[in-house]
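The structure appears below as structure tokens.
The figures here come from the full heavy-atom set of this structure, side chains too, leaving out hydrogens, waters and symmetry mates. Bear in mind that the values here come from a model prediction, so they are computed numbers and not experimental data.
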2 protein chains.
Amino acid sequence: MTTRKTASRSEGDRMSAICHGIRRAIIEGALFPGDRLPEDALGESFGVSRTIARHALGQLAAEGLVDLRRNRIATVAAPTPADARDIFDIRVALERQVVGHLAGHLTDAQIRELKDIVRQEHDARDGPEGASIRLATEFHIRLAEMTGRPILVRYVTEICYRAGLSLSSLGRPHSSECAISEHLQLIDTIAKGPADKAAQMMADHLEAVASRALLGGQEARGRDLVSILAPYRGD
Amino acid sequence: MTTRKTASRSEGDRMSAICHGIRRAIIEGALFPGDRLPEDALGESFGVSRTIARHALGQLAAEGLVDLRRNRIATVAAPTPADARDIFDIRVALERQVVGHLAGHLTDAQIRELKDIVRQEHDARDGPEGASIRLATEFHIRLAEMTGRPILVRYVTEICYRAGLSLSSLGRPHSSECAISEHLQLIDTIAKGPADKAAQMMADHLEAVASRALLGGQEARGRDLVSILAPYRGD
DNA sequence: CATGACGAAAGTGCATGCACTTCACTGCTT
DNA sequence: AAGCAGTGAAGTGCATGCACTTTCGTCATG
């Protein structure tokens, strides 16, 4: 009933709306590795048919966020520690490139925008726990977008989401405090410092994030998908 | 009629069969950037319904090999020179990692396998023109697979196909001769040499391939999709 | 009490049908 | 001859339906 048939408004692909919703739910830790994602529940939750939900799951599987096995219910992907190691190595390589392209070329407006994200990170310090991870991720993605290289952006975005999933799966609760000051330092060094110093700082930052997250790994099962996804329907 | 209903034989996902077919057709230059890929023609060509063809196109679009615009016929992606530059930069970063993991750890069997691929490249020197590009690509993908890191493999594979598409789109006919000797040198250095030397050689090799391919850019239109894809149905 | 068989319920795999959009072509106007 | 509206054909977007597979609870049996 909530679905409008010939919606005159720009409806920028309902499939990507599902993808966005699930990505966010994953990155914020609302969805856990192993959680089931049945096509009809998904479709119902977003007000579309199974066909579209299925298509969305295919995309998410291609991004490595969802496990898709034939004749089986799709699940949120469960990265192994080896996967996580792999993901962070690749992430370092890609974000080094980002920093390399950006070093010394940040405009004042860009610096302001980045600092604003960090400020939001600061404000979310003791709000809902997922928000800080999402903001930290957004920082890195915005950084990539500032290079103006769409393909690099795509890969950085994807690997950031995978890293976020790995963290929520294998990491401990998250110590956001340090990431904030590191992000501020990063902005400064990218703006001023020589490219290789900035790249190295990025690599160190990511290594720190990765190693800060070891141990742990909780499980949760049988929670209600529709209520989990409810906040992620809109945007 | 050609479709068998309950095919008892292992049919490892018919969708990925389409993806494989199109990827190969693209990498071998049988499909050109801008070529149309209508869902029903695709489905008919592979003996499946539009549903599956559509799904396959979605995957290929996620990989950047296909352009998908709402209400429009899918086309083979047409990378711009800027895209190509971007793609090769990322490729260098990723393949540096591959070499870094592999340096000094190649087994004799692996060295033999790699040399065998290069031998095939040599044999295909003046065979069908697409074959040498495919083999060169296979060399790099096998190299990645030898790291045993599935996620790295996925990204390297994807970026290799994109690079292949860029080459077929923007490159000149291809001078395979040099790539062959460079591949042989690479094997040696990865097997023996220090990691950073091998990584640098890989970077240089890829830069050489990239810069060898500038200029050019031909167009072809209105060719018959079914006959183009016929050789790519089976495997 | 454990165990295994069976059957219904839940879920996926896929083709088909219909509404809507875009495309290509025709013939009319200037 | 150059544009341009109109119109059928071609193509996509999506929901639905049916066959098949998996899952899970139930009950009979050792």
Counting the atoms with a prime plus P, OP1 and OP2 as sugar-phosphate, which does Arg50(A) contact under 4.0 Å by heavy atoms, base, sugar-phosphate, or nothing?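 Base, at least one base atom sits under 4.0 Å.
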
Can you tell me if [X] touches the phosphate of [N], counting only side-chain N or O atoms and a distance under 4.0 Å to OP1 or OP2?
| X | N | value |
| --- | --- | --- |
| Arg69(B) | dG11(D) | no |
| Arg72(A) | dT21(D) | no |
| Arg54(A) | dT16(D) | no |
| Arg70(B) | dC14(D) | yes |

Heavy-atom side-chain proximity of Ile141(B) to Tyr161(B) below 4.5 angstrom: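 Sidechains of Tyr161(B) and Ile141(B): in contact.
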
Arg134(B) side chain near Thr137(B) side chain, heavy-atom distance below 4.5 Å: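 Counting from C-beta outward, Arg134(B) and Thr137(B) never come under 4.5 Å.
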
Please give, in whole Å, the distance from [N] [atom2] to [X] [atom1]?
| X | N | atom1 | atom2 | result |
| --- | --- | --- | --- | --- |
| Glu39(B) | dC14(D) | CD | P | 11 Å |
| Asp40(B) | dT22(C) | CG | P | 17 Å |
| Met15(B) | dT12(C) | CE | C1' | 14 Å |
| Glu44(A) | dA10(C) | CD | C1' | 14 Å |
| Phe46(A) | dG13(D) | CZ | P | 20 Å |
| Leu68(B) | dT21(C) | CG | P | 18 Å |
| Asp67(B) | dT12(D) | CG | C1' | 16 Å |
| His55(A) | dG13(C) | NE2 | C1' | 15 Å |

Hey, is [X] close enough to [Y] for a salt bridge, meaning N to O under 4.0 Å?
| X | Y | answer |
| --- | --- | --- |
| Glu39(B) | Arg72(B) | no |
| Glu113(A) | Arg142(A) | yes |
| Asp89(A) | Arg85(A) | yes |

In Å and rounded to the nearest 0.5 Å, what is the CD1 to OG1 distance from Ile151(A) to Thr147(A)?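 Rounded to the nearest 0.5 Å, the CD1-OG1 separation comes out at 11.0 Å.
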
Starting at CZ of Arg154(B), measure out to CG of Asp86(A) and round the result to the nearest 0.5 Å.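 One gets 11.0 Å once the value is rounded to the nearest 0.5 Å.
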
The side chain of [X] lies closest to which of these nucleotides: [options]?
| X | options | value |
| --- | --- | --- |
| Ile73(A) | dA15(D), dT12(D), dT12(C) | dT12(C) |
| Ser49(B) | dA15(D), dG11(D), dC14(C) | dC14(C) |
| Thr51(A) | dC14(C), dA15(D), dC14(D) | dA15(D) |

Closer to the 5' end of DNA chain D via nearest nucleotide, is it Asn71(A) or Ile52(A)?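 The 5'-side residue here is Ile52(A).
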
Can you check nucleotides 7-9 of chain C for protein contacts, nitrogen or oxygen pairs under 3.5 Å, and list what you find?
none

